[in-house]
Amino acid sequence: MTVAPKHAPLIDPFARAITYLRVSVTDRCDFRCTYCMSEHMQFLPKKDLLSLEELDRMCSAFIGLGVQKLRITGGEPLVRRGIDTFFRAMTRHLDSGALKELTLTTNGSQLARFAPDLAAFGMKRINVSMDTLNPEKFAEITRWGRLPQVLEGIRAATAAGLKVKINTVAIKGFNEDELFDLVKWCGDEGHDLTFIEVMPMGEMDEQARLGQYWPLQDLRARLADRFTLQDLPDNTGGPARYVRISQTGQRIGFITPLTHNFCESCNRVRVTCTGEIYTCLGQNDRADLRAPLRASDEDTALIEAIRGAIDRKPKGHDFDYTRGVGGQVARHMSHTGG
Ligand code: SAM
Ligand code: SF4
């Protein structure tokens with residue numbers, strides 16, 4: 001069922017319709033992945049975060065403006081207390097047909113507990129981040145994470161009927177040697193797999209991050225040495241490109257923000273856990289939605305602020321390791337939401 005949005009849809013200055021919203025619901029996490037957080041993170045005071053009611057109002061406003069896909073992320077979204085009530089509330093938009101997809105990006109640590117509820121709330125597919133199948137390496141890269149817990153969570157999700165896509169950050173000298181093991185494991189378990197290039201986010205030690213950078217062109221070339229790769233047409237409007245491995249039928253995605261410019265088809269915006277809308281992951285341009293949310297119970301000012309931000313959505317991002325700090329963004333992924 002297709003439902004016309006309540007208001008005129010969100011169209012940016014480059015004629016891109018904004019139909020995909022990603023919302024970070026917390027900056028907290030039970031892991032400390034080395035490429036995402038420092039070991040001793042200072043988290044925000046609770047009053048700075050959007051409350052569950054504010055999240056509901058804001059997401060509902062976006063849905064009224066034509067957003068059809070909502071992805072909840074973080075930090076770790078499943079450590080936000082009460083997040084299940086928020087998900088339950090969003091099912092009304094799925095039921096009405098205004099929202100086509102409600103989904104989640106998670107580290108998987110809490111999935112064993114949440115998976116049946118998530119399926120009951122109408123989720124069909126979720127993304128789980130996992131960079132290695134080796135328990136020691138997993139503990140090393142996540143600092144606080146434990147692989148068996150995540151594997152149990154993934155099994156629970158599958159058992160609950162959720163389709164799981166694994167997201168793996170490609171890290172030079174860390175999981176290069178596991179490329180084929182990861183592909184095989186996902187194939188055997190029936191999960192799609194997407195590789196992500198390390199992005200220059202947060203207060204990075206530039207040399208360290210440059211050392212971690214494993215270009216996906218390289219990774220793809222290695223896959224092509226062993227398998228026949230068939231390019232698949234892109235229909236996500238996002239940064240992922242997909243191939244099919246002819247021999248196994250498996251689908252592999254590549255998110256290459258640094259080597260492939262995907263901005264022309266961008267259909268998404270992000271909102272941080274404090275209610276700041278970022279219309280481009282790689283730019284600092286943002287607008288505050290928390291103030292209009294808190295100033296009034298009416299959504300007029302909120303909708304105006306959303307439209308104002310979309311009217312300024314930049315044409316594209318600026319990531320480039322070769323230009324030093326110019327192309328970097330000094331905020332953590334856990335703040336913007338990956
Ligand atoms: N905690 C959840 C998780 O890990 O899936 C959701 C939030 S996390 C910030 C979202 C995604 O961003 C994860 O797949 C993570 O691997 C990715 N990520 C974090 N920092 C990154 C970086 N510097 N470069 C590339 N991907 C990054
Ligand atoms: Fe937490 Fe996800 Fe960041 Fe890892 S990538 S520290 S799991 S928010």
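Basis for what follows: all heavy atoms, side chains included, without hydrogens, waters or symmetry-related copies. Counting convention: from 1, in listed order, for ligands and their atoms alike.
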* Asked: Between R143 and D30, does at least one N-O distance fall below 4.0 Å, as a salt bridge requires?
  ->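 Here R143 does not pair with D30 in a salt bridge, since their nearest N and O are not under 4.0 Å apart.
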If the cut-off is 4.0 Å to any non-hydrogen atom of [X], which atoms of ligand 1 fall inside it?
X	value
G74	7 (C), 9 (C)
V169	16 (O), 26 (N)
T106	2 (C), 3 (C), 5 (O)
T73	6 (C), 7 (C)
E76	1 (N), 2 (C)
V198	24 (N), 25 (C)
E197	24 (N), 25 (C)

* Would G75 count as a contact of ligand 1 if the rule is a heavy atom under 4.0 Å away? ->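 The answer is yes: ligand 1 sits under 4.0 Å from a heavy atom of G75.
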* Going by the side-chain contact (heavy atoms from CB on, under 4.5 Å) test, name the single residue among N267, I72, I306, V269 that passes it with L21. =>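 For L21, the side-chain contact (heavy atoms from CB on, under 4.5 Å) test succeeds with only one of N267, I72, I306, V269, which is V269.
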* Interatomic spacing from CG in L219 to CG in L223 - rounded to 0.5 Å ->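 CG of L223 is found 5.5 Å from CG of L219.
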* **Spacing of NE2 belonging to H7 relative to CG belonging to D299, to within rounding of 0.5 Å** =>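 It comes to 7.5 Å.
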* What class does the angle between the rings of F138 and F31 fall in, given that below 30° is parallel, 30 to 60° is tilted and above 60° is perpendicular? ->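 The rings of F138 and F31 stand perpendicular, inter-plane angle above 60°.
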* To do: For atom 4 (Fe) of ligand 2, decide whether C29 has an N, O or S atom at a distance under 2.8 Å.
  =>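 No, since none of the N, O or S atoms of C29 sits under 2.8 Å from atom 4 (Fe) of ligand 2.
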* To do: Take atom CD of E298 as the centre, draw a 6.0 Å sphere, and report whether it contains more than 12 heavy atoms from other residues, nucleotides or ligands.
  =>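 No - once you tally the heavy atoms of other residues, nucleotides and ligands closer than 6.0 Å, there are 12 at most.
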* Asked: Heavy atom of G75 under 4.0 Å from ligand 2?
  ->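 Yes, G75 has heavy atoms under 4.0 Å from ligand 2.
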* Within the distance-only criterion (no hydrogens, no angle test), does the side chain of Q247 pair as donor or acceptor with the backbone N or O of T228 below 3.5 angstrom? ->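 It does hold such a pair.
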* Cationic tip of R88 within the cone over F121's six-membered ring, i.e. under 6.0 Å and within 45° of the normal? ->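 No, cation not above the ring by the 6.0 Å, 45° rule.
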* Confirm or rule out an N/O/S atom of C33, from backbone or side chain, lying less than 2.8 Å from atom 3 (Fe) of ligand 2. =>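 No, C33 does not qualify, because none of its backbone or side-chain N, O or S atoms lies under 2.8 Å.
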